[in-house]
Amino acid sequence: MARVNIAADAEIVKELEKEAKSRGYTIFSLTNIALKSMLELIRSGEDSTTLSHLVEFYKITKDLDIIPVTSWYIENLVKLAYEKDQKALEEICDGAGQQISSYLRSRASTFEELLQIYDTIKSVLPIKDIRIKRVNDEIIEIRITGSGFSSESTLCTSKVFRKILEAYYFEILEMTYSPGGIIFTRVKYQGQPNK
């Protein structure tokens, strides 16, 4: 196989050489894997930044022990749980919200940093859009689209989102959800408590 020289940032190459050596890889094999992956993404119509988004998403799914299942499966499971025991489902959703918000706080100390993480991985998330509108100096409105299809799954997502907002010191003034995965929230920032 013919070899060619490829231009790359010297610092990245230095770090790559160090990691490759410590794990028993060659630079040749790692660059070929990376280039092949990028080529497949571009051929499938993705943006070149998708690879870094997928890496960040992979870290999150690994840390949270997320199992990939179809949205159809989740939707039906949530509907069955809601019909069987609505209160228990809401407690499970609250628990998931607590788990996710704790993890996110460990990754992003401010809400702005959290939004930066979202910007990095949004292309691989089912959440289609997050709109934030400042109403005045204290009140912010947040609208999420694509957080579920049924009212039951959007209810669950709203419970998770509530826990995330509370973890970032927002007081929930109003929260509504509707089928189709739309959550509207009006919040007031409380500021971090003194330590």
Side-chain angles (χ1 to χ4, degrees), residues 53-135 138-193 195:
H53 299 172
L54 287 169
V55 169
E56 186 64 27
F57 184 67
Y58 167 76
K59 289 182 204 173
I60 292 169
T61 58
K62 187 176 177 186
D63 289 346
L64 287 171
D65 199 24
I66 294 173
I67 300 168
V69 295
T70 64
S71 58
W72 175 88
Y73 175 80
I74 293 293
E75 289 286 332
N76 284 291
L77 199 60
V78 169
K79 281 183 186 181
L80 285 173
Y82 184 88
E83 291 168 6
K84 181 76 174 160
D85 190 339
Q86 179 183 347
K87 187 174 185 234
L89 172 67
E90 290 184 23
E91 288 172 3
I92 290 170
C93 296
D94 281 336
Q98 191 64 47
Q99 180 187 22
I100 291 169
S101 63
S102 294
Y103 170 75
L104 292 174
R105 287 284 300 154
S106 74
R107 293 282 314 271
S109 59
T110 67
F111 191 67
E112 289 73 24
E113 289 175 8
L114 178 63
L115 292 175
Q116 289 173 351
I117 291 174
Y118 167 73
D119 276 343
T120 302
I121 64 171
K122 68 182 175 185
S123 66
V124 295
L125 288 178
I127 295 172
K128 305 293 182 243
D129 190 31
I130 295 178
R131 301 275 172 159
I132 299 175
K133 177 183 170 188
R134 182 168 290 283
V135 176
E138 295 183 330
I139 309 298
I140 300 169
E141 293 178 347
I142 305 170
R143 184 177 187 268
I144 297 178
T145 308
S147 62
F149 297 108
S150 66
S151 59
E152 296 89 352
S153 64
T154 308
L155 163 67
C156 190
T157 305
S158 72
K159 296 262 182 202
V160 171
F161 188 50
R162 174 182 290 274
K163 293 292 185 188
I164 292 170
L165 289 171
E166 289 171 350
Y168 285 93
Y169 311 107
F170 287 102
E171 176 188 354
I172 312 299
L173 303 175
E174 174 187 355
M175 181 176 276
T176 59
Y177 64 91
S178 59
I182 299 169
I183 300 171
F184 173 80
T185 310
R186 186 181 296 256
V187 297
K188 180 179 179 182
Y189 182 65
Q190 297 298 299
Q192 293 188 20
K195 294 184 179 182

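This one's a predicted model, so the numbers in the text were calculated from it and none came from an experiment. Below, all heavy atoms of this structure are taken into account, side chains as well, without hydrogens, waters or symmetry copies.
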Member of Ile60, Thr61, Ile67 meeting the side chain to side chain contact (heavy atoms under 4.5 Å, CB included) criterion with Leu64: Ile60
Quick check for you: to the nearest 0.5 Å, what is the distance between [X] atom [atom1] and [Y] atom [atom2]?
X      : Y      : atom1 : atom2 : answer
Phe57  : Ile117 : CZ    : CD1   : 13.0 Å
Asp63  : Ser106 : CG    : OG    : 7.5 Å
Leu165 : Glu171 : CG    : CD    : 12.0 Å
Leu54  : Ile121 : CG    : CD1   : 10.0 Å
Glu152 : Cys93  : CD    : SG    : 11.0 Å
Glu113 : Leu104 : CD    : CG    : 12.0 Å

For Tyr168 against Ala108, the heavy-atom pair lying closest together: OH-O, 2.7 Å
Closest approach of Ser153 to Glu75 (non-hydrogen atoms, all atoms of both residues): OG-OE2, 2.7 Å
side-chain contact (heavy atoms from CB on, under 4.5 Å) between Lys133 and Ile140, worked out: CA-CA 6 Å; Lys133 177 183 170 188; Ile140 300 169; over 6 Å; no
Could you tell me if [Y] and [X] have a donor-acceptor pair between their side chains, going purely by distance under 3.5 Å?
X      : Y      : result
Gln116 : Glu112 : no
Thr157 : Thr154 : no
Glu56  : Thr120 : no

Please tabulate, for the side chains in residues 174-188, all donor-acceptor contacts under 3.5 angstrom to protein atoms that are two or more places apart in sequence or on a different chain.
from: Arg186; atom 1: NH1; to: Glu141; atom 2: OE2; distance (Å): 3.3
from: Arg186; atom 1: NH2; to: Glu141; atom 2: OE2; distance (Å): 2.6

Residue pair Phe111, Ile142: steps toward the side-chain contact (heavy atoms from CB on, under 4.5 Å) verdict: CA-CA 12 Å; Phe111 191 67; Ile142 305 170; 4.1 Å; yes
Worked verdict on Ile74 versus Val69 for side-chain contact (heavy atoms from CB on, under 4.5 Å): CA-CA 7 Å; Ile74 293 293; Val69 295; 3.5 Å; yes
Validation row: Thr110, Leu114 side chains within 4.5 angstrom (heavy atoms): no
Thr145 vs Arg143 side-chain heavy atoms within contact, under 4.5 Å: yes
Partner set under side-chain contact (heavy atoms from CB on, under 4.5 Å) for Tyr189, not counting sequence neighbours: Tyr169, Phe170, Gln192
Carboxylate-amine/guanidinium contact Lys87 Glu91, below 4.0 Å: yes
side-chain contact (heavy atoms from CB on, under 4.5 Å) between Ser150 and Lys79, intermediate numbers included: CA-CA 8 Å; Ser150 66; Lys79 281 183 186 181; 3.5 Å; yes
Neighbour count >12 (heavy atoms, 6.0 Å) for atom OH, Tyr58: no
N/O donor-acceptor pair under 3.5 Å between Arg105 side chain and Ser109 backbone: yes
Contacts of Arg131 that satisfy side chain to side chain donor-acceptor pair (under 3.5 Å) - sequence neighbours left out: Asp129
